[in-house]
K.L.:
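If you scroll down you'll find the structure; I have some questions about it.
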Amino acid sequence: MAGNETQPIFGMDCYSPPEIEEKVEGLGVKKALMPFWPTFMLSIVAGGSIGLGGMYYTIVASDPNLSFAVSKVIGGIAFCLGLVLVLVAGAELFTGNSLIVMAHANKQITTGQVLRNWTIVWLGNLVGSLGLVFLLYMAHQQALNGGNVGTSLLKIGVAKVDQDWVTIFFKGILCNLMVCLAVWLGYAGRTVADKIVAIVLPISGFVAAGFEHCVANMYFLPYALVLKFTGQVPEGLDVSALTMGAVVHNIIFATLGNIVGGGLLVGGIYWLIYRKSLGGLHPLPAKEVPTMKMKSGRAVAGR
C-alpha cells in the first residue's frame with residue numbers, strides 16, 4: 001500500500017548541477033576564510049600532488065615505442081593521479097580555487113579575500129612543486145628508462161617555453177576550463193569511485209591536447225631547468241630556449257589564462273545560470289550567509 005511505503009534514508013544519485021553550485025559556493029566561503037597555515041600547508045600538498053601526476057605522465061612519455069596519440073592518451077590518464085589526490089585526499093589547488101569567484105559573485109566573500117586565497121595557494125603550490133622536484137632529482141628519477149625520462153622532461157620544458165604569450169594564455173584558458181569542469185564533475189559524485197571516474201576524461205583531455213596548467217608547469221619547467229644547469233642534456237638536444245626568464249614568462253601567462261578559464265568560463269557561467277538566473281536551491285541574502293570569525297587561532301561560525 002502506498003501509505004506503508006518507506007522512503008530511502010539517502011539517495012546514491014549524483015548531485016544535480018544546482019546542488020553542485022550550492023556546494024561550490026559554500027566551499028568557496030570556507031576556502032577564503034581558512035587561516036593562513038592550513039591553507040598554505042594544504043597548498044604545498046597540492047603542488048606536490050600535481051607534480052606526482054607530472055612524474056607519472058613523464059614515465060609514459062619517455063617510451064619511444066608509443067605513437068603520438070597513444071602516448072598522449074595514456075599519459076593524460078596517468079596525469080589524473082594529481083587531481084585525484086587533490087580532490088579525494090584534500091588539498092588546495094590554485095586552478096581549482098578559481099571557482100571561489102562564485103562565492104564572491106554572491107557577495108559572500110570580498111575581493112580581498114579571493115586575492116588572499118589565490119596568493120597563498122599559488123605560492124604554496126610552487127613550494128610543493130619545487131620540493132617534489134628536489135626529491136625526485138635526488139632519487140635520480142631522470143635516469144629511468146636509460147635516461148629517457150630526463151630527456152622527456154627536457155623536451156617538455158623546451159616545448160612549453162618556446163611559445164609566445166598569446167599562445168600560452170589561451171592554452172591556459174582552455175586548460176583550466178577543463179580542470180574546473182573536472183572539479184565540478186568530481187563534486188557531483190557521492191563516492192570516491194564516482195569522483196575518480198568523473199575526473200579522468202576532462203583531465204586526460206587537457207593533458208593530451210597540450211594545454212598549459214600553471215601548477216603542473218611549476219613541476220615540469222624547474223625540473224627541466226635543473227637538468228640543464230647540471231649538464232644532463234643529451235647530445236644534439238637544443239635547450240637554449242630553456243632559461244629562468246622563459247620559465248617565469250610561461251608560468252605567469254599560464255596563471256592568467258587559468259584564472260580566466262576557470263573563474264569566468266566555468267565559475268562565472270555556472271553562477272549566472274544556477275544562481276543568478278534560477279536563484280539556486282536555497283538562496284540566502286548575502287547578509288544572512290554564515291561567516292567565519294577567528295577566535296584563539298580557530299575559525300568559528302558566526303553571522
K.L.:
Does a donor on one side chain sit under 3.5 Å from an acceptor on the other, for T151 and N148?
P.N.:
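No - no donor-acceptor pair under 3.5 Å links their side chains.
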K.L.:
To the nearest 0.5 Å, what is the distance between CD on Q142 and OG1 on T230?
P.N.:
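One finds 7.0 Å between CD of Q142 and OG1 of T230.
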K.L.:
Around atom OH of Y56, are there more than 12 heavy atoms from other residues, nucleotides or ligands closer than 6.0 Å?
P.N.:
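Open.
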K.L.:
I need the D238 CG to L154 CG distance, nearest 0.5 Å.
P.N.:
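Going from the CG atom of D238 to the CG atom of L154 covers 11.0 Å.
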K.L.:
Where do L242 and V158 come nearest, in terms of heavy atoms and distance?
P.N.:
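Shortest heavy-atom contact: CD1-N, 4.3 Å.
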K.L.:
Which class fits the ring pair F253 and W165: parallel under 30°, tilted 30 to 60°, perpendicular over 60°?
P.N.:
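Rings of F253 and W165: tilted, as their planes differ by 30° to 60°.
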K.L.:
Would you please test H104 and T110 for side chain to side chain donor-acceptor pair (under 3.5 Å) and show each step?
P.N.:
CA-CA 6 Å; H104 177 268; T110 66; over 6 Å; no
K.L.:
Side chain of N250, backbone of K160: donor and acceptor closer than 3.5 Å?
P.N.:
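Judged by distance alone, yes, a pair lies under 3.5 Å.
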K.L.:
Hey, does V260 have a side-chain heavy atom less than 4.5 Å from the side chain of F169?
P.N.:
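F169 vs V260: side chains touch.
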K.L.:
Do L85 and V45 sit in the same hydrophobic cluster, where Ile, Leu, Val, Met, Phe, Trp and Tyr count as joined when their side-chain heavy atoms come under 4.5 Å apart?
P.N.:
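No; tracing contacts between hydrophobic side chains, which count when under 4.5 Å, never links both residues.
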K.L.:
I'd like to know if L201 and L265 are part of one continuous hydrophobic network [Ile/Leu/Val/Met/Phe/Trp/Tyr, side-chain heavy atoms within less than 4.5 Å].
P.N.:
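In one cluster: no.
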K.L.:
Locate the shortest heavy-atom distance separating L99 from V266; write the atom from each residue and the value.
P.N.:
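Here L99 and V266 meet closest at CD2-CG1, 3.8 Å.
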K.L.:
Could you grab the distance from atom CZ of F229 to atom CG of L225, nearest 0.5 Å is fine?
P.N.:
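Reported to 0.5 Å precision, the distance equals 4.0 Å.
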K.L.:
Given side chains that start at C-beta, do those of Y137 and Q232 come closer than 4.5 Å, heavy atoms only?
P.N.:
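Yes, side chains in contact.
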K.L.:
I'd like to know if the side chain of D164 pairs up with that of T167 as donor and acceptor (distance under 3.5 Å, no hydrogens or angles considered).
P.N.:
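Yes, side-chain donor-acceptor contact under 3.5 Å.
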K.L.:
How close do S98 and C180 get, heavy atom to heavy atom, and via which atoms?
P.N.:
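Closest approach of S98 to C180: CB-SG, 4.3 Å.
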K.L.:
So which heavy atom on I199 is nearest to which on P202, and how close?
P.N.:
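Shortest heavy-atom separation between I199 and P202 comes out as O-CD, 3.2 Å.
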K.L.:
Other residues, nucleotides and ligands only: do more than 12 of their heavy atoms fall within 6.0 Å of CZ on F36?
P.N.:
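Enclosed: over 12 neighbouring heavy atoms sit under 6.0 Å from CZ of F36.
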K.L.:
Is a side-chain donor or acceptor of D63 paired with a backbone partner of N65 at a separation under 3.5 angstrom?
P.N.:
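Yes: the side chain of D63 pairs with the backbone of N65.
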K.L.:
Grouping I, L, V, M, F, W and Y whenever their side-chain heavy atoms are under 4.5 Å apart, do V60 and V73 come out in a common cluster?
P.N.:
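Looking at the clustering, V73 is in a separate group from V60.
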K.L.:
Would you say K23 has more than 12 foreign heavy atoms packed within less than 6.0 Å of its NZ?
P.N.:
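Yes - once you tally the heavy atoms of other residues, nucleotides and ligands closer than 6.0 Å, there are more than 12.
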K.L.:
In terms of hydrophobic clustering (I, L, V, M, F, W, Y; side-chain heavy atoms under 4.5 Å; direct or indirect links), are L153 and F134 co-clustered?
P.N.:
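Same cluster.
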K.L.:
Measure the shortest side-chain to side-chain distance between V70 and S67 over non-hydrogen atoms and say whether it is less than 4.5 angstrom.
P.N.:
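Yes; the side chains approach each other to less than 4.5 Å.
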K.L.:
Treating Ile, Leu, Val, Met, Phe, Trp and Tyr as nodes and any side-chain heavy-atom pair under 4.5 angstrom as an edge, say whether V133 and M244 lie in one connected cluster.
P.N.:
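Cluster IDs for V133 and M244 match.
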K.L.:
Just so I know, are the side chains of Y187 and L27 near enough to count as touching, which here means a heavy-atom distance under 4.5 Å?
P.N.:
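Sidechains of L27 and Y187: in contact.
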K.L.:
To the closest 0.5 Å, what do you measure between CG (L185) and CG (D194)?
P.N.:
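It comes to 11.5 Å.
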K.L.:
State, without any angle test, whether N97 and N117 hold a side-chain donor-acceptor pair at a distance under 3.5 Å.
P.N.:
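Distance-only check passes for N97 and N117.
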K.L.:
Hey, can you tell me if Y219 and Y223 have their rings parallel, tilted or perpendicular (30° and 60° cut-offs)?
P.N.:
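Taking Y223 first and then Y219, their aromatic rings stand perpendicular (interplane angle over 60°).
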K.L.:
How long is the span from the CG atom in N176 to the CZ atom in F94, to the nearest 0.5 Å?
P.N.:
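Here the rounded value is 8.0 Å.
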K.L.:
If you compare all heavy atoms of S129 against all heavy atoms of G47, which two are closest, and at what distance to 0.1 Å?
P.N.:
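Taking S129 first and G47 second, the nearest heavy atoms are OG-O, 3.4 Å.
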K.L.:
Hey, could you give me the CG/NZ distance between L83 and K195, rounded to the nearest 0.5 Å?
P.N.:
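L83 CG to K195 NZ: 11.0 Å, rounded to 0.5 Å.
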K.L.:
Quick one: does E25's side chain have a donor or acceptor within less than 3.5 Å of a partner on E22's backbone?
P.N.:
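No.
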K.L.:
Looking at side-chain heavy atoms only, is the closest gap between R275 and M102 below 4.5 Å?
P.N.:
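In short, these two side chains do not touch, never coming nearer than 4.5 Å.
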K.L.:
Show the nearest heavy-atom pair for residues M218 and N125, with the distance to one decimal.
P.N.:
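M218 and N125 have their closest heavy atoms at SD-C, 3.9 Å.
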K.L.:
Using the ring of each side chain (for Trp, its six-membered ring), is Y274 parallel, tilted or perpendicular to Y270, with breaks at 30° and 60°?
P.N.:
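Y274 and Y270: tilted rings.
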